[in-house]
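Beneath this line is the structure, given in C-alpha cells, with notes to follow.
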Amino acid sequence: MAAVVYALLLAGCGGDGTASQAYQQACHGEPLPDQQAIYQAEADGYRINSRYRCIDRQSWQEVQAAMARLEHARRPEVQARAEAAADAEHAQRLARIAARAAAREQAQAAVMPRVLDKPVDANHASREQLAAVCGVDADGAEVIVLARQQGGPFTGWADLVHRVLPLSAAQTAVAASRCGLTVNGHSLAGAAPAESVLR
C-alpha cells in the first residue's frame, strides 16, 4: 500500500507531469513554485488553474492579446488617429447641441407674440399691418378686411370676434389685443397691450 501511495505522489509531483497533453492544454509555462508566485500571477491578470497550480492557458492568451492591443494603442500614429477621431466626435457633438439650441430658439420665436411698435386698429389698418399682429396672420388679416368691406366698420370687440372667425377663440383674441390690435382705439377688456406697444 505504501508503495502505491508513493507512486501516486511521484506521478502528481514529478517533473514529467508538465509534459502530459492535459497539462499542455490547461497551462502556460511551468507550475508556479509557491503562493507568492500565484499571487503575482493573479496581480498580473492571469487566472490560476488550481489542479496544476499553473497559469491558465486561455487567460495567458487573453492577457497577451490585451497587452498587444495596449502596445498598438500606444503607437504615436494610432494615438494621433484616436485623438483626431475624438476631436471630430466632439465637434459633431457640439454641432448637434448647437443645432438643437437653434431649433429650440426657432420654435420659441414661432410661438412668441410679435409685439408691435404701436397699436393697430382693426377698422383702419392695412392687410400687412394686421398680418403683423400675433394671432391674426395673413389669413386673419384677409378675413378682417373682407368683413369690414362687406359689413362696415366693427362696432367693438364683440362685433369683431363675431364676424372674424380666426379671432373667435378667446385665447387668440387676447393674444391679438396684447400684441396691439384695437377696435376703435380700444383693447379687449382685460387684455391691455404690452408696454412696448404703448411707448
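This one's a predicted model, so the numbers in the text were calculated from it and none came from an experiment.
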Fill in: Heavy-atom donor-acceptor pair, N49 side chain to R51 backbone, under 3.5 Å
yes

Worksheet item: Is any side-chain heavy atom of V183 less than 4.5 Å from a side-chain heavy atom of T155?
Response: no

Worksheet item: Under 6.0 Å from the CD atom of Q149, do we count more than 12 heavy atoms belonging to anything else shown?
Response: yes

Worksheet item: To the nearest 0.5 Å, what is the distance between NE2 (H28) and CD (Q64)?
Response: 6.5 Å

Item to complete: Check V143, T172, I144 against V136 for a side chain to side chain contact (heavy atoms under 4.5 Å, CB included) and give me the one that passes.
Response: I144

Worksheet entry | Reported CD1-to-CD distance for the pair I55 and E30, which is rounded to 0.5 angstrom | 11.0 Å

Worksheet item: Sequence neighbours excluded, which residues qualify as salt bridge (Lys or Arg N to Asp or Glu O under 4.0 Å) partners of E83?
Response: none

Worksheet item: How far apart are the closest heavy atoms of A141 and R127, and which atoms are they?
Response: CB-O, 3.4 Å

Practice prompt. For side-chain contact (heavy atoms from CB on, under 4.5 Å), just list the numbers for V145 and L130, CA-CA rounded to whole Å, side-chain angles, deciding distance to a tenth of an Å, and then say yes or no.
Written response: CA-CA 9 Å; V145 171; L130 292 167; 4.0 Å; yes

Worksheet entry | Interatomic spacing from SG in C27 to CD in Q58 - rounded to 0.5 Å | 13.0 Å

Worksheet item: Short question: side chain of N123, backbone of F154 - any donor-acceptor pair under 3.5 Å?
Response: yes

Worksheet entry | Residue Q35 excluded, over 12 heavy atoms near CD under 6.0 Å | yes

Worksheet item: Is there a path of hydrophobic side-chain contacts, each under 4.5 Å between heavy atoms of I, L, V, M, F, W or Y residues, that connects Y52 with I38?
Response: no

Worksheet item: For the residue pair A176 and L167, what are the closest heavy atoms and their distance?
Response: CB-CD2, 4.1 Å

Discussion item. Between the side chains of E42 and R47, is the shortest nitrogen-to-carboxylate-oxygen separation below 4.0 Å, so that they form an ion pair?
Written reply: no

Discussion item. Show the nearest heavy-atom pair for residues A41 and I48, with the distance to one decimal.
Written reply: CB-CD1, 3.7 Å

Discussion item. How long is the straight-line distance from CG of L165 back to CG of D139, given to the nearest 0.5 Å?
Written reply: 11.5 Å

Fill in: G140 versus V164, closest heavy-atom pair with distance
O-CG1, 4.5 Å

Worksheet item: When you measure from the side chain of R53 to the backbone N and O of P33, does any donor-acceptor pair fall under 3.5 Å?
Response: no

Worksheet entry | Within-4.5 Å side-chain heavy-atom neighbours: V78 and R81 | yes

Worksheet item: What's the spacing between W60 CH2 and R57 CZ if we round to 0.5 Å?
Response: 7.5 Å

Worksheet entry | Q171 CD: over 12 foreign heavy atoms closer than 6.0 Å | no

Fill in: Side-chain donor/acceptor of S177 to backbone N/O of A191, under 3.5 Å
yes

Worksheet item: Are L32 and Y23 linked, directly or through other ILVMFWY residues, by side chains that come within less than 4.5 angstrom of each other?
Response: no

Worksheet item: Going by atom types only, do D121 and N184 share a side-chain donor-acceptor pair under 3.5 Å?
Response: no

Discussion item. In the structure I gave you, are the side-chain heavy atoms of L160 and L181 within less than 4.5 Å of one another anywhere?
Written reply: yes

Discussion item. Please find the pair of heavy atoms, one from H186 and one from W157, that lie closest to each other, and give the distance.
Written reply: O-NE1, 2.8 Å

Practice prompt. Quick one: pull up OG in S168 and CZ in R163 and give me the separation to the nearest 0.5 Å.
Written response: 14.0 Å

Worksheet entry | Distance-minimising heavy-atom pair for S187 and T182 | OG-CG2, 4.1 Å

Worksheet item: Got more than 12 heavy atoms from elsewhere within 6.0 Å of CZ, R93?
Response: yes

